[in-house]
Amino acid sequence: MKVIFRSKDFASVDGSGFGFNHRRPMTNSWQYQGRVQHRQWQGTYECEWEQNVSKGRQPELLWTVNGDARLFGLAAGLKSKGFTVDVEPE
């Protein structure tokens, strides 16, 4: 399954206690990947800064987390912190 959400920065996600770690750059300088390691769920993620942002709007990070059905717990936790979350089956 996939959990997709947006954030304004890395700190709001890294400091959330949801297990996002091991972030490293990908081929493009605005793309990153890493792991989600929590006692209740595990997965991998990719995130990237939005490239086409309308005038007057701040760019956001688009996060895509891949893993098994335990990621429903992550999605619920993110929603409780105020993130808008989409969940897609794979």
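Values reported hereafter were calculated over all heavy atoms of this structure, with side chains retained and with hydrogens, waters and symmetry mates removed. Numbering starts at 1 and runs along the sequence shown.
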To the closest 0.5 Å, what do you measure between [atom1] ([X]) and [atom2] ([Y])?
| X | Y | atom1 | atom2 | value |
| --- | --- | --- | --- | --- |
| Glu46 | Ile4 | CD | CD1 | 11.0 Å |
| Gln42 | Gln37 | CD | CD | 6.5 Å |
| Asp86 | Thr64 | CG | OG1 | 10.0 Å |
| Leu61 | Ser12 | CG | OG | 8.0 Å |
| Leu71 | Glu88 | CG | CD | 12.5 Å |
| Arg39 | Arg70 | CZ | CZ | 13.0 Å |

Just wondering, do [Y] and [X] contact through their side chains at under 4.5 Å, heavy atoms?
| X | Y | value |
| --- | --- | --- |
| Phe72 | Trp41 | no |
| Arg23 | Tyr45 | yes |
| Asn28 | Glu48 | no |
| Val3 | Trp63 | no |
| Leu74 | Phe20 | yes |

Could you report the tightest heavy-atom contact between Asp9 and Trp49, atom names first, then the distance?
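Scanning both residues completely, I find the closest heavy atoms to be CA-CH2, 4.4 Å.
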Lys8 versus Glu60, closest heavy-atom pair with distance
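It is NZ-OE2, 3.2 Å.
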Give the cluster check for Leu62 versus Val87: same hydrophobic cluster or not, with ILVMFWY residues linked at side-chain heavy-atom distances below 4.5 Å.
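As far as the 4.5 Å side-chain criterion goes, Val87 and Leu62 are not connected within one cluster.
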Joint hydrophobic cluster, Met26 plus Val13, side-chain heavy atoms closer than 4.5 Å
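Per the 4.5 Å side-chain linkage, Met26 and Val13 are not co-clustered.
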